[in-house]
Peer 1: 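One structure, as structure tokens, below. Some questions next.
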Amino acid sequence: YDTRRTASTASITFTYDSAADGISNEAMLELAYRSDYGQNWTRYNNIVRNAAANTITANNVNLGDTHWIFASTGDNSLPVELSSFTGTPTGGGVLLKWQTRSETNNLGFHIYRSPAEGGEYNRITPTLISGHGTDSTPYDYEFIDDRTEAGQTYWYLVEDVDFAGETDRSDPIRVTFHPQHVSPKALLTQFTLYQNFPNPFNPETWIPYDLAAVSSVSITIYDTHGHHIRTIALGTQPAGSYLTQKEAAYWDGRTETGEFVPSGTYFYHLKAGDFEATRKMIILK
């Protein structure tokens with residue numbers, strides 16, 4: 001909850017659904033606040049719980065530039081639950097995919113890599129891959145590790161970060177990058193639009209995709225109101241995977257007239273021949 005649009009002292013009542021939000025002990029439920037994005041969360045002590053109404057009221061709140069979240073004094077919710085985590089060699093590197101079965105207070109993900117299962121794992125994601133907060137809906141995520149060498153074996157793990165800054169890591173998976181395992185471009189059987197990287201971003205990002213046939217390719221950017229922001233005409237391209245920074249479509253965060261767009265959610269729409277697909281991305285400044 002973001003109260004940055006107001007500036008006064010008042011009481012705020014927050015409502016929750018104990019079943020849908022995975023709250024097992026309402027007596028441990030708390031509120032936390034911060035003054036702006038990127039800062040640490042602080043527990044707010046002046047609260048009144050009403051378990052019967054599923055509400056918590058914060059009293060004597062200074063609303064100016066304050067963000068609020070539900071928090072807990074103990075283990076009060078399920079962590080991010082992964083249903084799958086895989087790595088596949090491609091023409092542009094190792095394509096990592098994972099799916100969550102449910103998420104609770106999930107801020108986002110980082111990917112770590114090591115040359116050995118028990119070795120040192122180093123982060124390879126330049127920015128946090130945004131999560132979906134608290135949601136029981138399955139979500140798919142992707143990241144392309146384009147810094148791979150032929151014949152090398154890598155170990156990968158996913159680290160999720162919650163709103164309080166706590167982290168949890170998956171079990172590692174093993175991927176050996178062999179060029180002969182990569183399908184030739186002409187053998188691609190379907191068109192695919194992947195998640196842009198990095199995401200969130202500021203101000204530039206790359207949009208990867210696969211083409212199953214020679215196609216005239218364009219990517220159009222829209223805001224959440226459906227207003228046209230930018231069209232990136234890529235011309236006629238051969239079948240293949242366009243996954244790395246060198247090959248993927250590039251957007252510098254500007255409109256058609258060269259102005260930088262503000263922070264917010266945007267949509268990118270790929271048209272390649274008869275194929276069309278749309279995905280969401282976030283600019284965070």
Side-chain angles (χ1 to χ4, degrees), residues 37-41 69 71-72 75 77-135 138-182 192 194-202 204-208 241-248 279 281-282 284:
Y37 293 105
Q39 298 189 5
N40 293 328
W41 294 100
I69 62 168
S72 175
D75 185 7
S77 60
L78 294 173
V80 169
E81 186 178 0
L82 286 180
S83 58
S84 65
F85 177 37
T86 61
T88 305
T90 71
V94 174
L95 175 61
L96 299 160
K97 294 185 176 183
W98 63 102
Q99 184 184 74
T100 59
R101 185 173 289 113
S102 64
E103 301 180 28
T104 303
N105 293 332
N106 182 32
L107 184 62
F109 301 93
H110 279 302
I111 298 293
Y112 285 76
R113 188 182 80 177
S114 173
E117 182 177 13
E120 180 181 356
Y121 285 82
N122 296 306
R123 197 184 86 186
I124 60 174
T125 42
T127 60
L128 191 73
I129 299 170
S130 293
H132 286 83
T134 298
D135 199 331
Y139 285 101
D140 295 306
Y141 298 89
E142 299 166 351
F143 179 77
I144 300 164
D145 178 15
D146 59 359
R147 299 180 180 180
T148 53
E149 297 182 8
Q152 294 297 310
T153 296
Y154 303 98
W155 292 85
Y156 297 94
L157 58 82
V158 179
E159 178 184 79
D160 66 84
V161 184
D162 69 15
F163 288 128
E166 299 294 328
T167 61
D168 188 32
R169 292 185 171 186
S170 71
D171 292 332
I173 61 170
R174 180 176 181 265
V175 180
T176 300
F177 185 65
H178 285 304
Q180 63 267 29
H181 289 173
V182 180
T192 306
Y194 296 106
Q195 186 65 51
N196 64 301
F197 64 94
N199 187 50
F201 62 96
N202 177 30
E204 58 185 7
T205 190
W206 287 262
I207 300 172
S241 294
Y242 298 82
L243 304 179
T244 67
Q245 286 190 1
K246 182 178 179 180
E247 298 173 321
R279 279 183 173 261
M281 59 184 169
I282 298 174
L284 187 59

Peer 1: Would you name the heavy atoms of Phe85 and Asp171 that are closest together and state the gap between them?
Peer 2: CD2-O, 4.2 Å
Peer 1: Could you tell me which residues satisfy side chain to side chain contact (heavy atoms under 4.5 Å, CB included) with Thr86, sequence neighbours excluded, listed by chain and number?
Peer 2: Lys97
Peer 1: Which pair of non-hydrogen atoms, one from Asn199 and one from Thr127, has the smallest distance, and what is that distance?
Peer 2: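 Shortest heavy-atom separation between Asn199 and Thr127 comes out as N-OG1, 3.9 Å.
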Peer 1: So, using side chain to side chain contact (heavy atoms under 4.5 Å, CB included) as the criterion, who are the partners of Thr244 when residues are at least two apart?
Peer 2: Asp146, Lys246, Glu247
Peer 1: Residues in ring-ring contact (aromatic ring centres under 6.0 Å, His included) with Phe109, at least two apart?
Peer 2: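 By the ring-ring contact (aromatic ring centres under 6.0 Å, His included) rule, Phe109 matches Trp98, Tyr141.
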Peer 1: Name all residues meeting the salt bridge (Lys or Arg N to Asp or Glu O under 4.0 Å) criterion together with Arg147; count only those two or more places apart in sequence or in a different chain, and write none if there are none.
Peer 2: none
Peer 1: Is the shortest heavy-atom distance from the side chain of Ile173 to the side chain of Leu157 under 4.5 Å?
Peer 2: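 SC-SC contact between Ile173 and Leu157 ruled out.
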Peer 1: Looking at CD1 of Ile129 and CG of Leu96, how far apart are the two atoms once the value is rounded to the nearest 0.5 Å?
Peer 2: 9.0 Å
Peer 1: Can you give me the closest heavy-atom contact between Ile282 and Ser130, atom names plus distance?
Peer 2: CD1-OG, 4.3 Å
Peer 1: Specify the closest pair of heavy atoms between Trp206 and Glu204, including all atoms of both residues, with the distance to one decimal.
Peer 2: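 Taking every non-hydrogen atom into account, CH2-OE2, 3.8 Å.
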Peer 1: Phe143 vs Phe197 aromatic rings, parallel, tilted or perpendicular, using cut-offs 30° and 60°?
Peer 2: perpendicular
Peer 1: Once you round to the nearest 0.5 Å, how far does CD1 of Ile207 lie from CZ of Arg279?
Peer 2: 11.0 Å
Peer 1: By the salt bridge (charged side-chain N to carboxylate O under 4.0 Å, His left out) test, which pairs, at least two apart or in different chains, include something from residues 85-96?
Peer 2: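 Salt bridge (charged side-chain N to carboxylate O under 4.0 Å, His left out) check on residues 85-96 returns no pairs.
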Peer 1: Using side-chain heavy atoms (C-beta onward) and a distance below 4.5 Å, is Leu82 in contact with Asp160?
Peer 2: no
Peer 1: Between the side chain of Thr148 and the main-chain N/O of Gly93, is any donor-acceptor distance below 3.5 Å?
Peer 2: no
Peer 1: Please check if the side chain of Thr176 supplies one atom and the backbone of Thr153 the other of a donor-acceptor pair under 3.5 Å.
Peer 2: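 No; zero donor-acceptor contacts below 3.5 Å.
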Peer 1: Give the minimum heavy-atom separation between Leu128 and Leu107, together with the two atoms involved.
Peer 2: CD2-CG, 3.6 Å
Peer 1: Are Ser102 and Asp135 side-chain neighbours, meaning at least one heavy-atom pair lies under 4.5 Å?
Peer 2: no
Peer 1: Please check if the side chain of Ser83 supplies one atom and the backbone of Gln99 the other of a donor-acceptor pair under 3.5 Å.
Peer 2: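 Judged by distance alone, yes, a pair lies under 3.5 Å.
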Peer 1: Would you name the heavy atoms of Pro89 and Phe177 that are closest together and state the gap between them?
Peer 2: CB-CD1, 3.8 Å
Peer 1: Do Glu159 and Tyr121 have side chains that get closer than 4.5 Å, going by heavy atoms?
Peer 2: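 Result no, sub-4.5 Å side-chain heavy-atom pair not found.
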Peer 1: Under the salt bridge (Lys or Arg N to Asp or Glu O under 4.0 Å) rule, collect the residues that match up with Asp145, sequence neighbours excluded.
Peer 2: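 Partners of Asp145 under the salt bridge (Lys or Arg N to Asp or Glu O under 4.0 Å) test: Arg113.
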Peer 1: When you compare the side chain of Leu95 with that of Ile144, does any pair of heavy atoms fall below 4.5 Å?
Peer 2: yes
Peer 1: Any chance you could measure Asp168, atom CG, to Glu81, atom CD, to the nearest 0.5 Å?
Peer 2: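 Reported value, rounded in 0.5 Å steps: 11.5 Å.
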